[in-house]
Amino acid sequence: MNRIRTRFAPSPTGYMHIGNLRTALYAYLFAKSQGGDFILRIEDTDRARYVADAVEFIERTLAAAKIIPDEGPHHGGTFAPYVQSERMDIYKKYAEQLVKDGHAYYEETENGVAIRQKMPRAGETTFFDVLHGNITIANSELEDQVLLKSDGMPTYNFANVIDDHLMEISHIIRGTEFITSTPKHVLLYEFFGWELPTFIHLAPVMGKAEDGTVSKLSKRHGATSFNDLIEAGYLPEAITNYVALLGWSPKNSCQEIFSMDELIKNFSLDGLSKSPAVFDYAKLDWMSGEYFKAMSDEDFAKVADKYFADFDAPRKIFLSSLLKTRVAKLSDIPDMIAFLKNLPPFDLELFTNKRNKITPQKSAEILAPAIKILENVDDWTLDTLNEKISAFVADSGLKVGAIMWPLRIALSMQKVTPGGVTEILYLLGKKISIERLNDALQKLKVDR
RNA sequence: GGCGCCUUCGUCAAGUGGUUAAGACACCGCCCUCUCACGGCGGGUUCAAGGGUUCGAAUCCCUUAGGCGUCACCA
């Protein structure tokens with residue numbers, strides 16, 4: 001049996017959307033699960049679309065996603081070069097052989113000479129796809145496609161076949177958009193007398209637009225590039241994990257959180273789905289949150305560092321313990337902690353809470369003695385604060401929630417805060433805490 | 001339009017002739033609670049439609065509809 005070899009063959013556009021990343025992931029997972037090789041090949045035969053540094057961009061993106069090629073432009077390998085624009089001589093040779101054999105012909109144009117593939121007019125071509133079974137397309141649907149462009153560059157449909165054969169690719173994993181051009185490839189393999197690789201055409205990843213419509217992922221629909229997601233503060237592992245499950249599911253298991261090693265261990269082709277999958281931020285958010293929750297406070301503080309740069313080291317660690325259980329993506333952090341830096345405008349409404357039977361008047365009655373107690377706290381630590389407030393609650397005869405409500409509002413002007421009152425007091429420090437409480441108390445009196 | 005692919009809860013999906021049609025996210029409710037979150041418990045919602053085949057169909061066949069893709073010297 002031949003060695004399993006898969007490849008990811010992007011064109012260097014400087015943009016890696018999630019659908020592409022998933023294709024690369026599956027090709028990688030399949031190769032690795034079979035002890036095979038994963039090859040990165042750059043298909044840069046369209047000179048008009050060439051983007052500088054795109055190759056490095058692709059390599060960086062794959063590296064971030066922990067998809068590591070065994071062979072590629074900067075990884076070396078016995079079949080180098082892995083950039084198609086550096087393989088022009090090879091394509092030329094094979095195209096000319098096709099002409100010689102009567103399977104292709106020259107075409108004169110104003111820009112130069114091109115070579116076209118001669119398609120059979122009758123009959124049909126069938127190929128086997130692991131996901132879809134046999135697919136048959138009438139040869140009359142096939143046009144005499146260009147193999148070699150007048151600028152000397154091969155077309156995708158040609159270079160692809162030549163390279164996949166020369167690089168000994170055993171399984172071609174790519175998107176469904178190539179299903180209809182596969183017969184042309186198959187004919188080429190037959191002309192050359194080459195063994196056919198195994199085809200696997202993956203269903204597309206769809207995006208949901210704001211109006212709720214669904215269509216193939218693009219910049220318009222969801223702007224879902226790997227890089228955008230990283231920018232938003234999702235962990236690469238979480239993205240990879242989520243993307244793996246968009247179109248694949250493990251056999252005999254309901255596991256959803258997978259490390260890369262686990263993905264490799266569990267991956268199999270028959271877990272692939274034939275139908276399109278819609279990219280869902282809600283689920284990504286959940287999965288991302290699972291990754292954050294699993295982190296230590298220290299690790300979280302490290303990845304979140306730039307989002308709360310204003311705090312000292314101990315406070316960062318403490319903040320991390322509060323934040324890591326309630327964050328979907330790192331960029332959520334600034335809004336969540338903004339109140340610590342700047343108190344939102346006073347809002348009387350917030351001092352009313354039905355469940356705890358709190359009114360502005362009641363709030364004032366609670367704040368006044370609470371301030372006195374806190375003013376006398378010198379050891380401004382979580383333990384002490386907790387202790388003092390608990391004692392205050394016990395003395396007041398009120399419910400815990402009732403006491404906490406006005407305090408939290410006065411300190412944050414928010415119904416929802418990361419952490420409870422003692423945590424906020426601690427983070428704010430004594431001076432600012434007392435200031436905010438006094439300020440709220442004054443305003444409550446005035447407004448009454 | 002021709003050709004091709006696809007169609008199980010709102011979303012990701014398990015399921016391959018006999019199941020109460022898994023599980024997860026989201027949603028709703030309850031509990032816990034110092035809000036939120038976390039955690040616990042519970043709930044509703046699904047086999048695109050119509051015909052067959054069969055004792056029996058989400059599973060097999062046909063038709064229809066819808067979605068997607070493709071018809072480039074783009075990949």
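Just so it is clear, the model here is predicted, and its values are computed rather than measured. Keep in mind that the numbers below use all heavy atoms, side chains included, and drop hydrogens, waters and symmetry copies.
A 6.0 Å sphere centred on CG of Asp395(A) holds more than 12 heavy atoms belonging to other residues, nucleotides or ligands.
With distances taken from any side-chain atom of Glu141(A) to the nucleotides C68(B), U35(B), G2(B), the minimum falls on G2(B). When distances are taken from the side chain of Cys254(A) to each of C12(B), A24(B), A22(B), the shortest belongs to A22(B). Each of A26(B), C34(B), A75(B) was ranked by its minimum atom distance to the side chain of Thr45(A); first place goes to A75(B). The side chain of Val416(A) has C36(B) as its nearest neighbour among C36(B), C12(B), C34(B).
Donor-acceptor pairing under 3.5 Å, judged by distance alone, is present between the side chain of Thr109(A) and the base of C73(B). Within 3.5 Å, no donor on the side chain of Ser275(A) pairs with an acceptor on the base of C68(B), nor the reverse.
Using a 4.0 Å heavy-atom distance criterion, Lys251(A) is classed as a sugar-phosphate-only contact. Note on Asn386(A): a base of the nucleic acid sits closer than 4.0 angstrom, heavy atoms only. Nucleic acid contact class of Glu143(A) (heavy atoms, under 4.0 Å, all strands): sugar-phosphate only. Counting any heavy atom pair closer than 4.0 Å across all strands shown, Thr136(A) reaches sugar-phosphate atoms only and no base atom. Here Thr417(A) lies in heavy-atom contact (under 4.0 Å) with a base. Here Ala203(A) lies out of heavy-atom contact (under 4.0 Å) with every strand. At a threshold of 4.0 angstrom between heavy atoms, the contacts of Lys274(A) are confined to the sugar-phosphate backbone, with no base atom among them.
Near RNA chain B, meaning a heavy atom under 4.0 Å from it, residues 322-332 of chain A has Thr325(A), Arg326(A) in order of number. Taking a 4.0 Å limit (strictly below) on heavy-atom distances, residues 235-247 of chain A reaches RNA chain B at Leu245(A), Leu246(A), Gly247(A).
The pair Asp439(A)-Lys443(A) meets the salt-bridge criterion, with a side-chain N (NZ, NE, NH1 or NH2) lying under 4.0 Å from an Asp/Glu carboxylate O. Salt bridge Arg49(A)/Asp46(A): present, at least one basic N to carboxylate O contact under 4.0 Å.
The ring-ring contact (aromatic ring centres under 6.0 Å, His included) test with Tyr426(A) is passed by exactly one of Phe311(A), Trp380(A), Phe318(A): Phe318(A). Checked against Asp164(A) for a side chain to side chain donor-acceptor pair (under 3.5 Å), the options His185(A), His171(A), Arg5(A), Arg41(A) give a single hit: Arg41(A).
Comparing Trp405(A) and Ala138(A) by the nucleotide of RNA chain B that holds the closest heavy atom to each, the one mapping nearer the 5' end is Ala138(A). Nearer the 5' end of RNA chain B, as judged by each residue's closest nucleotide, is the contact made by Pro250(A), out of Thr180(A) and Pro250(A).
Between the CD1 atom of Ile137(A) and the P atom of C71(B) there is a distance of 11 Å, rounded to whole Å. Rounding to whole angstrom units, NZ of residue Lys184(A) and P of G69(B) are separated by 17 Å. Protein atom CZ of Phe292(A) is 15 Å distant from nucleotide atom C1' of A37(B), rounded to whole Å.
With 3.5 Å as the limit, one finds no donor-acceptor pair spanning the side chains of Thr109(A) and Asn111(A). Residues Asn134(A) and Thr126(A) bring no donor and acceptor atom of their side chains to less than 3.5 Å of each other.
Base pairing annotation: A48(B) forms a Watson-Crick or G-U wobble pair with U64(B), both donor-acceptor distances under 3.5 Å.
Phe178(A) has its ring centre less than 6.0 Å from the ring centre of Tyr156(A). Side-chain rings of Tyr242(A) and Tyr281(A) stay apart, their centers remaining 6.0 Å or farther from each other.
Under 4.0 angstrom from either OP1 or OP2 of A75(B) there lies at least one side-chain N or O belonging to Lys149(A).
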*Step by step, work out the side-chain hydrogen bond (donor to acceptor under 3.5 Å, both in side chains) result for Gln84(A) and Asp163(A).*
CA-CA 8 Å; Gln84(A) 290 186 330; Asp163(A) 286 345; 2.9 Å; yes

